[in-house]
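Scroll down for the structure; my scribbles are underneath it.
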2 protein chains.
Amino acid sequence: MARAATTSDAFNAIAEPRRRQILSYLALRERPVGDIVEELGFDQPSVSKHLRVLRNVGLVRMRCQGRHKFYRTNAEAIRPLHEWAATFERYWQRQLQSVKRLAEERMSQLNAAEVLPSPKIPKEKV
Amino acid sequence: MARAATTSDAFNAIAEPRRRQILSYLALRERPVGDIVEELGFDQPSVSKHLRVLRNVGLVRMRCQGRHKFYRTNAEAIRPLHEWAATFERYWQRQLQSVKRLAEERMSQLNAAEVLPSPKIPKEKV
DNA sequence: ACAATACATACCTATATGGGAATATGTCAA
DNA sequence: TTGACATATTCCCATATAGGTATGTATTGT
């Protein structure tokens with residue numbers, strides 16, 4: 001098979017930069033399609049198609065009013081993404097601590113000879 | 001143009017479910033490629049290619065040791081995603097409040113006649 | 001009814017994959 | 001050196017877009 005379908009889930013939907021722009025724009029308040037076109041400068045069919053994708057995964061809601069269709073971001077649909085990323089929070093905090101600890105050790109080495117077992121710093125290639 | 005390049009940024013990289021699996025697996029501790037292959041059950045070339053993408057966007061780090069290459073998740077690269085999602089936090093909290101408030105109003109209407117201006121509930125289609 | 005407005009869809013094209021198979025590269029072991 | 005082992009890369013193919021253009025559809029105003 002080829003690439004996974006963008007319409008399948010929120011992760012794929014937000015992979016597109018323009019869709020993220022649209023989401024941010026529509027988070028403040030609902031807007032008709034024309035406003036998005038004008039404000040973000042995309043072609044109208046392009047906006048419609050992106051909105052379609054966003055709607056399919058529940059990231060935006062739509063309300064009809066006459067010939068206008070008002071879209072707004074459904075922020076709750078972003079929560080799962082936020083929570084997924086949050087599962088890594090403890091790891092980056094740990095990383096930051098490592099960096100800090102390492103820096104402190106280096107500082108102390110300016111004054112004392114190395115008596116501690118050398119900190120295992122993985123020597124990265126690239 | 002066609003679809004945006006997956007290798008371009010972290011948002012695209014995590015759009016692929018298998019890459020998210022790999023990230024989670026490598027968050028705990030570094031692992032050689034073979035472990036990923038065995039644990040997640042993907043083909044070896046597939047794992048190598050996903051790791052390549054993840055490395056290009058900085059989501060994983062690699063360390064060579066003999067013929068083994070140890071990969072680990074660089075959790076800090078996930079922070080921007082977390083922060084992007086977090087910018088919507090106030091909105092979903094607001095949404096939740098709206099739901100709550102609405103529920104309370106409905107409850108009170110069981111006892112009192114409607115005296116407040118009707119809450120503007122956009123009547124969604126679909 | 002008719003024209004204008006606001007969107008959505010259909011169609012076509014170029015392209016970026018993701019999977020699978022085969023192969024190349026690099027390292028260690030005997 | 002010759003293999004065995006661990007990964008990476010290359011090739012080929014099928015497919016899901018994203019963009020652009022043109023067209024379809026629904027609604028309003030006159």
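Naming: A, B, ... by sequence-line order, numbering from 1 per chain.
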Residue set satisfying side chain to side chain donor-acceptor pair (under 3.5 Å) with B/Gln21, at least two apart, ordered chain then number -> none
What nucleic acid atoms does B/Phe70 come within less than 4.0 Å of, heavy atoms only: base, sugar-phosphate, or nothing?
-> nothing
Does a side-chain N or O from B/Tyr71 land closer than 4.0 Å to OP1 or OP2 of D/dA6, or not?
no
Ranking C/dG19, D/dA18, C/dC7 by distance to the side chain of B/Glu16, first place goes to C/dG19
Sorted by chain and number, sequence neighbours left out, salt bridge (charged side-chain N to carboxylate O under 4.0 Å, His left out) with B/Arg79 holds for B/Glu83
Residues at least two apart in sequence or cross-chain that pass side chain to side chain contact (heavy atoms under 4.5 Å, CB included) with A/Thr87, listed by chain then number, are none
Rounded to whole Å, the CG-P distance (A/Leu51 to D/dA18) equals 13 Å
inquiry  = Tell me whether the side-chain N/O atoms of A/Arg52 come closer than 4.0 Å to OP1 or OP2 in C/dT9.
reply    = yes
Atom CZ of B/Arg18 and atom P of C/dT17 are separated, to the nearest Å, by 17 Å
Give every pair of a protein N or O atom and an N or O atom of nucleotides 3-5 of chain C that lie under 3.5 Å apart, one pair per line with the distance.
{"residue": "C/dT5", "atom": "O4'", "partner": "A/Arg67", "partner atom": "NH1", "Å": "3.1"}
{"residue": "C/dT5", "atom": "O2", "partner": "A/Arg67", "partner atom": "NH1", "Å": "3.4"}

* Asked: Taking atom types as they are modelled, is there a donor-acceptor pair under 3.5 Å from the base of C/dG26 to the side chain of B/Lys69?
  -> no
Expected list for residues 38-48 of chain A near DNA chain C, using heavy atoms below 4.0 Å, is A/Gln44, A/Pro45, A/Ser48
From CZ of B/Arg63 across to P of D/dT7 the rounded distance in Å is 12 Å
Residues at least two apart in sequence or cross-chain that pass side chain to side chain contact (heavy atoms under 4.5 Å, CB included) with A/Arg101, listed by chain then number, are A/Ser98, A/Glu105
Side chain to side chain donor-acceptor pair (under 3.5 Å) filter on B/Tyr25, not counting sequence neighbours, yields B/Arg31
Residue pairs meeting salt bridge (Lys or Arg N to Asp or Glu O under 4.0 Å), one or both in residues 37-49 of chain B, sequence neighbours left out, come to none
Nearest-nucleotide check on DNA chain D, B/Asp35 vs B/Lys49; residue mapping nearer the 5' end is B/Asp35
Sorted by chain and residue number, the salt bridge (charged side-chain N to carboxylate O under 4.0 Å, His left out) partners of B/Arg20 (sequence neighbours excluded) come out as A/Asp9
A/Arg55 atom CZ is separated from C/dA8 atom C1', nearest whole Å, by 10 Å
In short, the helix from C/dA1-D/dT30 to C/dA30-D/dT1 is bent end to end, axes from five pairs each side, to 10°, by 10°
Give a yes or no answer on whether the side chain of B/Asn74 reaches the backbone of B/Gly58 with a donor-acceptor pair at less than 3.5 Å. yes
Residues at least two apart in sequence or cross-chain that pass side chain to side chain contact (heavy atoms under 4.5 Å, CB included) with A/Val47, listed by chain then number, are A/Val33, A/Ile36, A/Val37, A/Phe42, A/Leu51
In whole angstroms, the gap separating P of D/dA16 from NE2 of A/His50 amounts to 18 Å
Ring pair (Phe, Tyr, Trp, His ring centres under 6.0 Å) pairs touching residues 55-87 of chain A, sequence neighbours excluded, are A/Phe11-A/Trp84, A/His82-B/His82, A/His82-B/Trp92, A/Trp84-A/Phe88
